[in-house]
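Step one of this worksheet: look at the structure below.
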There are 2 protein chains.
Amino acid sequence: MRREFKKKSKVLLIDDNYEHLVGIRELLNLEGTFDVVGIATNINVGLNLIKKYQPEIVLLDMNMPEKDGLQGILEIAKLDLDTKVLALSGYDDADLIFRAMKIGAKGYVLKTMASAQLIYAIEEVLNGKIYLPLALSSRFFEYFQQSFREETAKQETEEENLLSYLTQREEEVLELLTQGITYKGVANKLFISETTVKTHVNNIFQKLQVNDRTQAVLYAINNGFLSKKIKLTA
Amino acid sequence: MRREFKKKSKVLLIDDNYEHLVGIRELLNLEGTFDVVGIATNINVGLNLIKKYQPEIVLLDMNMPEKDGLQGILEIAKLDLDTKVLALSGYDDADLIFRAMKIGAKGYVLKTMASAQLIYAIEEVLNGKIYLPLALSSRFFEYFQQSFREETAKQETEEENLLSYLTQREEEVLELLTQGITYKGVANKLFISETTVKTHVNNIFQKLQVNDRTQAVLYAINNGFLSKKIKLTA
DNA sequence: AAAGATATAGACCACATGGTCTATGAAACG
DNA sequence: CGTTTCATAGACCATGTGGTCTATATCTTT
């Protein structure tokens, strides 16, 4: 292992379970390549220690009372010290894993996993990689895909999507409405009279079954009206 | 391996490179546990074969002329036959991997990888799992996190976020506005007079530097006003 | 040729919305 | 204890918005 000659990596532990905290510290000390610069049983104390010691990596328990781990990740990120966060948890809750990774955790390890795997995870993260055990990444991907299925489902079911009944001209008008433009503004942009715009808008209301522009705009946004155009470019 | 006594799994291959296509077929035939029911050098032919043979899994090349692989995944999904798609590609393009997984690929394998790994990937996918080689999942996660950093950045920069200047009451009012409710409706919901609502709304306009409710709602949506509350519950 | 859909536009009206100004009681802050 | 902030609310007015009805010119479809 090449790290042996390097400076030890500074590690900080945050977990509301003191026993577990001490256990991990012992484990890492035995390993010899880590320097556990501090331990804390809650986020706020942990944040202060991070500011003080600037560890390369923080092992952060996700399931804590008071402030939960997700909030912790965000607040550590806000310190802007490129401290890497490895999330620890007792449960393989797909939603929690997903959200932790989404907001920037560099890895997620279950407490039930073998200590060798924890060590490996820490080293991978220290080397700039992202580490998720196979079992967890599988759950992650399922959740990931599901969350997008729901999103795209709206646009796919064109039969039920009232937006599909709009004419081309009405779509143009609606697009301008989603930019918060008045009748007069739309009229100028499209080179038509204000009353014509009103007619179009009224027809749009009928088709979308709404009563005012705000509701129409909200319907458009929630039903993938804007993303149609975005998806073609990005 | 328990599969030996099971019925062979039907596999279909789509790749514009005929040499490669035949190579994989040979490999899978040698393995003995797969039944390659068809091969195609373009998506449209492939789709017809899928309809005809209803394979459990399709190995789909991502880098094809004409219709690209992403489109292919979507069209296979549209057949609604729970055909699993394992994406094949010559390049470990993070964006392509991300998008393929996003729209429902069950795995992604590089052509340069060892054949044993391809076999393993196919079996994992057939067993209902999602398989990404470690090297690719690492890239995937980087891309994943980056795409969310941009999104959350808006909410993090509270100094520039005009929403942070709103009082609690104003936030309540704004939230109701984002549901397309009128002054009168808001007044009833909050048990205050209509004029009070108007005062609040006017103050909101000032703070958000907009001229009407539609613009205010759009500002709120584009600057993470709604996601604040969602993130705490969902 | 007739029917239907679409884009255009005017008239009229009710009312919702937005702008401005003033004012009061409560709570927070120094 | 004064000052500031906030939530409350009234009055007044201009205008934007939405509802309805009618009408014409194209264009497509039958």
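Chain letters run A, B, ... following the sequence lines, proteins first, then strands; residues in each count from 1.
Applying the 4.0 Å criterion to OP1 and OP2 of C/dA9, one finds that A/Thr196 has a side-chain N or O inside that range. Within the 4.0 Å cut-off from OP1 or OP2 of C/dG18, not a single side-chain nitrogen or oxygen of B/Asn202 is found. Contact annotation: B/Tyr183 side-chain N/O to C/dG18 OP1/OP2 distance is under 4.0 Å.
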In residues 53-64 of chain A, what donor-acceptor pairs under 3.5 Å come from side-chain atoms, sequence neighbours left out?
{"residue": "A/Glu56", "atom": "OE1", "partner": "A/Lys10", "partner atom": "N", "Å": "2.8"}
{"residue": "A/Asp61", "atom": "OD1", "partner": "A/Asn63", "partner atom": "N", "Å": "3.4"}
{"residue": "A/Asp61", "atom": "OD1", "partner": "A/Lys111", "partner atom": "NZ", "Å": "3.3"}
{"residue": "A/Asp61", "atom": "OD2", "partner": "A/Lys111", "partner atom": "NZ", "Å": "3.4"}
{"residue": "A/Asn63", "atom": "OD1", "partner": "A/Ser89", "partner atom": "OG", "Å": "2.8"}

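The CG atom of B/Leu166 sits 13 Å away from the C1' atom of D/dC6 (whole-angstrom rounding). Regarding A/Phe205, its CZ atom lies at a distance of 15 Å from the P atom of C/dA16, rounded to whole Å. Atom pair A/Gln215:CD and C/dT17:P shows a separation of 10 Å (rounding to whole Å applied). Rounded to a whole Å, the CD atom of B/Glu170 is 11 Å from the C1' atom of D/dT5. Note: CD (A/Glu172) to C1' (C/dT6) measures 13 Å, nearest angstrom. Nucleotide C/dA7 holds its P atom 18 Å from the NZ atom of A/Lys198, rounded to whole Å. The distance between atom CG of B/Asn188 and atom P of C/dA16, rounded to the nearest whole Å, is 12 Å. Regarding B/Arg213, its CZ atom lies at a distance of 13 Å from the C1' atom of D/dG18, rounded to whole Å.
If you check every strand for non-hydrogen atoms under 4.0 Å, B/Ser193 touches sugar and phosphate atoms only. Base engagement by B/Thr195 is indicated by at least one non-hydrogen atom pair under 4.0 Å involving a base atom. Looking at heavy-atom distances under 4.0 Å, A/Thr167 makes contact with sugar-phosphate atoms alone, never a base. Across all strands shown, B/Lys184 has heavy atoms under 4.0 Å from sugar-phosphate atoms exclusively, and none from any base.
Side chain of B/Val201, nearest nucleotide from D/dG18, C/dG18, C/dA7: C/dG18. Between D/dG19, D/dT8, C/dA9, one nucleotide has an atom nearer to the side chain of B/Arg169 than all others, and that is D/dT8. The side chain of A/Thr182 has D/dT17 as its nearest neighbour among D/dC12, D/dA7, D/dT17.
Heavy-atom nearest nucleotides on DNA chain D were determined for A/Ile181 and for B/Lys207, and the one closer to the 5' end corresponds to B/Lys207.
Contact between A/Thr214 and B/Gly180 at its shortest, heavy atoms only, is CG2-CA, 4.1 Å.
A salt bridge links A/Glu172 with A/Arg169; the closest basic N to acidic carboxylate O contact falls under 4.0 Å.
In this pair, B/Phe98 and A/Phe148 present their aromatic rings perpendicular. The plane angle is above 60°, beyond the 30 to 60° band.
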Point to revise | Stepwise side chain to side chain donor-acceptor pair (under 3.5 Å) check, B/Thr199 with B/Thr196 | key: CA-CA 5 Å; B/Thr199 311; B/Thr196 307; 5.7 Å; no

